[in-house]
Q: 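Quick one: this structure, given as structure tokens, is what I'll be asking you about.
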Amino acid sequence: MIKIIDAKGLECPKPVILTKKGIEEIEEGVVKTIVDNEVAKNNLSKLATSMSLDYKVEQDADGNYEVSITKGKQTDLGLEKREEDVVVQKSEGAVIIIQSDLMGSGDPELGKILMKSLIYTVAETKPYPKAILFYNAGVKLTIKSSPVLDDLISLKEEGVEIISCGTCLDFFGLKDELGVGEISNMYSIYEKMCSTQNTKTIG
Amino acid sequence: MNKKEFGILTFESTQHAIKAESDLVKAEIKTKTIPTPRDITLSCGLAIRVDLDDIDKIKELYDNGDLKFKNLYTIRESTEGRFLKKLL
């Protein structure tokens, strides 16, 4: 069998841990890990060497490295893979939590401009997070008159969930002003926060 | 503002960037405050991204002393790469 682990965008040592786990889980076959940087690629080949396993490295059109590590009997790498044997483990996207329309405290005018700059950066940087949560004054960023509305719309088009706290919109009298994403309650906000280890809180 | 060719204004300081943003809004020019692109090094951390269509108006404001900035660039992104051009 061949097991595919998509470890693009994951920080060291996560690709190595996932790959080691993948190898341990199979009796024999190939574990193919896709990573987006050279350091991760080198660490994976070191892992294979340390486990005395054969490996090969390929580079795809996007510059990602595919490290295939063979366990057990010599399989012809990838040639005999059957559709049902392919396991794809997707890399886990981050959940970004925005709790204010200002980034940091100190000066509100600076905070506002930094937040705009941050949201632009999120929209320009891959991999995208899987969700962005907005609560308290953070919801001022998801309304129709938001200075970052276009960035959030383009993130949503890329599949990023944009979730605003309904209680908060209501509190600021902005419930009819939502410009992007969905309104949600505390249950789903908490559920999203707990859905990953990879959360980043900004505000 | 997702066009692949746009203008970038850079500044001596963050205060200048904030001031310029409000001056541009007053002049009804669409702005986007962004981190200064990495290929421009000699400037403060914040820059303002503008539409190419507004460049002439921005030059006019600059010449009249109604707008201050350090440099004006255009950036064009295409499949062949990213091209930075300094206009002012």
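Note that this is a predicted model, so its numbers are computed, not measured. Letters go in sequence order (proteins before strands), and every chain restarts at 1.
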Q: Starting at OG of A:S117, measure out to NZ of B:K32 and round the result to the nearest 0.5 Å.
A: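 Taking OG in A:S117 and NZ in B:K32, the distance rounds to 10.0 Å.
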Q: Please determine whether the number of non-hydrogen atoms from other residues, nucleotides or ligands lying under 6.0 Å from atom NZ of A:K20 exceeds 12.
A: no
Q: Around A:Y190, counting heavy atoms of other residues, nucleotides and ligands shown, do more than 12 lie under 6.0 Å from its OH?
A: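 At most 12 heavy atoms, drawn from other residues, nucleotides or ligands, come within 6.0 Å of this atom.
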Q: Quick check: are there more than 12 heavy atoms from other residues, nucleotides or ligands sitting under 6.0 Å from CD of A:E158?
A: yes
Q: Does B:F83 have more than 12 heavy atoms from other residues, nucleotides or ligands lying within 6.0 Å of its CZ?
A: yes
Q: Report, in residue-number order, which members of residues 58-69 of chain B are under 4.5 Å from chain A by heavy-atom distance.
A: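 None at all.
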Q: Listed by residue number, which members of residues 13-21 of chain B have a heavy atom under 4.5 Å from any heavy atom of chain A?
A: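 The list, in residue order, reads B:T14, B:I18, B:E21.
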Q: Let me check something: any side-chain donor-acceptor pairs from residues 103-113 of chain A under 3.5 Å, sequence neighbours excluded? List them with distances.
A:
unit_1: A:D107; atom_1: OD2; unit_2: A:E109; atom_2: N; d: 3.0
unit_1: A:D107; atom_1: OD2; unit_2: A:L110; atom_2: N; d: 2.9

Q: Would you list the pairs meeting disulfide (SG to SG under 2.5 Å) in which at least one residue belongs to residues 141-185 of chain A, sequence neighbours left out?
A: A:C165-A:C168
Q: Please say whether more than 12 non-hydrogen atoms of neighbouring residues, nucleotides or ligands are located less than 6.0 Å from CD in B:E28.
A: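 No, CD of B:E28 has 12 or fewer neighbouring heavy atoms, counting only those of other groups under 6.0 Å.
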Q: If you round to the nearest 0.5 Å, how far is CG of A:L114 from CG of B:L46?
A: 6.0 Å
Q: Distance check, rounded to the nearest 0.5 Å: B:I48 atom CD1 versus A:K116 atom NZ?
A: 8.0 Å
Q: Is the number of heavy atoms from other residues, nucleotides or ligands under 6.0 Å of A:M51 CE greater than 12?
A: yes
